[in-house]
Each structure stands twice: as structure tokens, then as C-alpha cells.
Engineer: 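Sharing a structure with you now.
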Amino acid sequence: MSIAILDPDKSIVDILTDLIGDMGESPCPFTNKDKFLGSIDPKSHNIAVISDDYTDVIEGTKQVYPNIEIVAIGFGDATACLNIGATHYLKKPFMANDIRQIISALLTSPKKQDHPDKGTFITADQSMKRILEIIHKVAPTQAPVFIQGESGTGKEIIARYIHKHSKRNAGPYVGINLAAIPDTLLESELFGFEKGAFTGAYATRLGKFELAGGGTILLDEITEVSLGLQAKLLRVLQEKQIDRVGSSSPISVDFRVIATTNRAIEDEIRDGRFRNDLYFRLNVIPIKVPPLRARKNDIIPLAMHFITKIALREQIGEKILTQGAKDTLTEYSWPGNVRELENAVERAMILTDGDQLSAENIMLGMDMNTAPEKTASVGTTIHEMERGLILSTLDHVDGNRTKAATLLGISIRTLRNKLNEYTEKGQFSDALSVKTSNGLPYNAS
Ligand SMILES: Nc1ncnc2c1ncn2[C@@H]1O[C@H](COP(=O)(O)OP(=O)(O)OP(=O)(O)O)[C@@H](O)[C@H]1O
Ligand SMILES: [Mg+2]
């Protein structure tokens, strides 16, 4: 694949040609737009770097060849270029390294999917690229994939990516977050139910396995299900048959399974919380996603990707990261991984005026590692303290139970049991009947 370059200024074209050549890619330089338009071809080009002197070319290329990724460069209006289809905008004079990082991220990214958030997989780090190679090998097969990694490392985005690159990609992709749904409801969510199976079952409903027929099912946070349900899941995976709740005749379903966890599965098995045999069924292809702090080369390309994404979403101009900001981002440990980085970039993009983000604009440590403080006064019982801490932690993470459990250092199941206990005892009243700070009810995704 070669990378097309179009700029009226020959010296810029020469610089880009050298840069791209040094990266081991083949540059295809043009200073004339008609020649460029006559030669551009998605079979040989998947990336084009185009000056914003030629916004008509950017727009036209994107319309005719939507799969060509366009990096716009110029002195002008970033938003306009992004709106007509450029993936990135770099202000002139640009830094050689910025161009390199954008191109290397685009080269390793999969093609854009229908949903901009859900498909673009950015990586420039060797460790992730190796994982991506494995993913490319296994995606077209039927093998179950088991994705392990800390919260926010990108497990879900990888699961989607596998589906998109599988032979089942014309079929559905159905995800279910097993930590989010109370045990009592999980069975009917997963397997569906027959009309009249229980009070309120007015009509037959398909479960997630049936909905995933011909496609892929993501069992997200698999380690959170009870041992009883694990036994049922094992049977479904072995026999590829499900029993709708209230039905006595099993139904065959054709699905591919991907499971994720952010726990150390070995500990779960050792302590008897997760069935070994279910693990062996799921763990045919294990994928361990490294935390962001262990793949620092991903930090800046990801940050730039989020800048573009947020600029587009908010219809504001892209902002440039100063060297200081880049150093700050690179040095930080990112306990909340890519999600925390995305939040930090979003915060900086929204709160900062002007067209650059400097170190002072990056506010860190506001996601995972700052548990809300609780002061205890004499007379407070341990139970009250615990309840207060649990509820304010939930509030702090906008009701995300997974994050709350991680912060509190307890399992999501324990968290769920405690919340059930408060509900039963009516202890959600008064100040603690918290909706979350953003006014939304708890969501456990
Ligand atoms: N390589 C990547 N490229 C682009 N975006 C990414 C990448 N990795 C993660 N993200 C983004 O970061 C956020 C968190 O990713 P994701 O939801 O896949 O993490 P997760 O590992 O499933 O987290 P959790 O364990 O909390 O469910 C998402 O918004 C996702 O789009
Ligand atoms: Mg997830």
C-alpha cells in the first residue's frame, strides 16, 4: 500500500515523501490536484495526506472512496476538513513525529465501522500490534476467545473487532454485561422464556443466545455469574442448545462466543468461584490486553484519536497537544486505562479555549484513583460507614458498578448483594437514595 500526498507546496510534499519513506511505506507525491485525482485508487492507497488548499479534493475523494483515510494538513479550518471526511487535521507547520504517529496508527487501525466509537481500534505499540496479529488470525475462525484485561483496556472494542473480521460479520453481534443484570433475571435474558413461564411472561421472548444466532455473543464480565448459571452456560457451550425458561424442548443455536473478564481468572478458579471446565471451554484463544501503562506508545495516538472524535462530536476545532501535554500524558500511570484517557482528553477539549492543549489543561487522577473521602464521627456504625462509602463511590463513578467494585476492592457480586440488602432494608432512602450526580440511575455497564 502506498500513501498519497497532495500539497501545492513542493517543499512540503518533499518533506512528507521523506518522512513516509523513512517509515518504510511508499509515498506517492503530487503537487497537482488533477494528477492526484487521476491516480488515486483505493486498491493502492488507503491513506492520503492532503493540504486543505484542496478541500474539494478531500471531499470528493472521501465521497468516491469512503475507505481511504484522509489526513488533512493546513493553516485553516480543522472542523471544516473533519466535517467533509478527513480523519485527522494537522496544523502547519506540523511536527514530523505527529505525522508519523497518525500514519502509524491509521496503518494498524481496522477500517472504520458504521459506528465511529465502536470500531476504530487505535494502536501503535508493539505489544498491542502482536495481539492484533493474533486477533487477525483467530477472527475468521469459530474458536471461542477469552479476553482478559483491566477495566478500560479495550476488551469490548476488541470483541467487536473480532466479530467484524469474522465470517459471521453479516450476522448479529450481541453483547451482554453479566455483571449488570441481577442473577434472577440473567437466565431469562440469556436463554429467553416461553409465554406463561412465569407471572408477567405475556409473550415468548428470545434470549441473547438466540438473538446471536448466526453471529457472535459477547459474555462480558463472565466471572460475575453464579456457579449455578455457570453450569448452565457450560451445557449451552457444549451442546450449542438452549432451553428457554418454561420450555422442555431444547433449541439449537449457532453462535460464536467471546467472553471477557477484568479479574485474575486463576484466582477465581482457585477460590472456587469459577468453574474450571467452563474456563477451558471459553479459553480456547486467550487474549491478555495489557494495561495502558504497559504500552506507552499507544498513549499519544489514542489521545489524538480522542481529540478528533470529540472535536467532531462537539463540532469544535481540533486542538494540538504541546510537548508538555504529551509528556504529562505519557508519564501518567492510567489506572483507568484507555477509558480514563478518553475522559481526560474530553475534559481538556471541553474546558480549554484556544487551539492547543498544554500540560496544565490535562487534569489527571479524576477517574479511578480518587475515591471519595468519607469522614467518620464517633457513633457511626461500621455498617453505616460501609453503606455510605459504597453509595458515594457509586455516585462518584456515575453508578458504574464495575468501576465502583474495583475502587472498593470488592467483587461486583459482593457489591450487588450489599445493594440488594440496602434495597430490602429500605436503606436507599434520604441522601442515600442517590441517583448519580448526573441525574441518571445506576448503570452497571
Ligand atoms: N485501542 C483503542 N482504540 C480506540 N478506542 C479505544 C481503544 N481501546 C479502548 N478504547 C475506548 O476506550 C473505552 C473503553 O474501552 P472498552 O469499553 O472496550 O474497555 P473494557 O476493557 O471493556 O472496559 P471494562 O472492563 O470497564 O468493561 C471505550 O470508549 C473504547 O472505545
Ligand atoms: Mg467492557
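Every number for a ligand or one of its atoms is a count from 1 in the order of the listing.
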Engineer: Flag R339 as yes when one of its N or O atoms lies below 3.5 Å from any N or O atom of ligand 1, and as no otherwise.
Structural biologist: yes
Engineer: Do any nitrogen or oxygen atoms of E221 lie less than 3.5 angstrom from nitrogen or oxygen atoms of ligand 1?
Structural biologist: no
Engineer: Provide the closest heavy-atom pair for P291 versus N337 in the form atom of the first, atom of the second, distance.
Structural biologist: CA-OD1, 3.3 Å
Engineer: So, the side chain of R256 versus the backbone of I217: is there a donor-acceptor pair under 3.5 Å, distance only?
Structural biologist: no
Engineer: I need the minimum non-hydrogen distance between A294 and S127, along with the two atoms involved.
Structural biologist: O-OG, 4.4 Å
Engineer: Any nitrogen or oxygen of F306, main chain or side chain, under 3.5 Å from a nitrogen or oxygen of ligand 1?
Structural biologist: no
Engineer: Just checking, is any N or O donor in the side chain of Q148 or T260 under 3.5 Å from an acceptor N or O on the other one?
Structural biologist: no
Engineer: So for ligand 1, is F121 a polar contact partner (N or O within less than 3.5 Å, distance only)?
Structural biologist: no
Engineer: With a 4.0 Å cut-off on N to O distance, would you call D353 and K319 a salt bridge?
Structural biologist: no
Engineer: Do any N or O atoms from the side chain of H163 and from the backbone of G171 form a donor-acceptor pair under 3.5 angstrom?
Structural biologist: yes
Engineer: Can you tell me if G149 has a non-hydrogen atom under 4.0 Å from ligand 1?
Structural biologist: no
Engineer: Is the shortest N/O to N/O distance between T153 and ligand 1 below 3.5 Å?
Structural biologist: yes
Engineer: With a cut-off of 4.0 Å, which atoms of ligand 1 are near a heavy atom of G154?
Structural biologist: 8 (N), 9 (C), 15 (O), 16 (P), 18 (O), 19 (O), 20 (P), 21 (O)
Engineer: Could you tell me which non-hydrogen atom of V284 sits nearest to which non-hydrogen atom of A143, and how far apart they are?
Structural biologist: CG1-CB, 4.2 Å
Engineer: Any idea which heavy atoms bring C28 and S2 closest together, and the distance?
Structural biologist: CB-OG, 3.8 Å
Engineer: Calculate, to the nearest 0.5 Å, the distance between atoms CD and OG1 belonging to E224 and T261 respectively.
Structural biologist: 6.5 Å
Engineer: I'd like the name of whichever of T123, I157, I147, D125 reaches closest to atom 31 (O) of ligand 1 through any heavy atom.
Structural biologist: I157
Engineer: Any nitrogen or oxygen of K309, side chain or backbone, less than 3.5 Å from one on ligand 1?
Structural biologist: no
Engineer: Contact between ligand 1 and N262 is defined here as a heavy atom of the residue under 4.0 Å from a ligand atom; is it met?
Structural biologist: yes
Engineer: Record the part of L302 in heavy-atom contact with ligand 1 below 4.0 Å; permitted values are side chain, backbone, both and neither.
Structural biologist: side chain
Engineer: May I ask you to check whether R295 has an N/O atom sitting below 3.5 Å from an N/O atom of ligand 1?
Structural biologist: no
Engineer: What is the ring orientation for Y161 with H165, classed by angle as parallel under 30°, tilted 30 to 60°, or perpendicular over 60°?
Structural biologist: tilted
Engineer: Using a cut-off of 2.8 Å, find all protein N, O or S atoms closer to the Mg ion (ligand 2) than that distance.
Structural biologist: E156 OE1
Engineer: Please indicate whether any nitrogen or oxygen in E342 is less than 3.5 Å from any nitrogen or oxygen in ligand 1.
Structural biologist: yes
Engineer: Is V338 close to ligand 1, meaning an N/O of one under 3.5 Å from an N/O of the other?
Structural biologist: no
Engineer: Please work out whether the ring planes of Y279 and F146 are parallel, tilted or perpendicular, with thresholds of 30° and 60°.
Structural biologist: perpendicular
Engineer: Which heavy atom of L364 sits nearest to which heavy atom of A344, and what is that distance?
Structural biologist: CD2-CB, 4.3 Å
Engineer: One thing to verify: whether D243 and R235 come together as a salt bridge, which I'm taking to mean a side-chain N less than 4.0 angstrom from a carboxylate O.
Structural biologist: yes
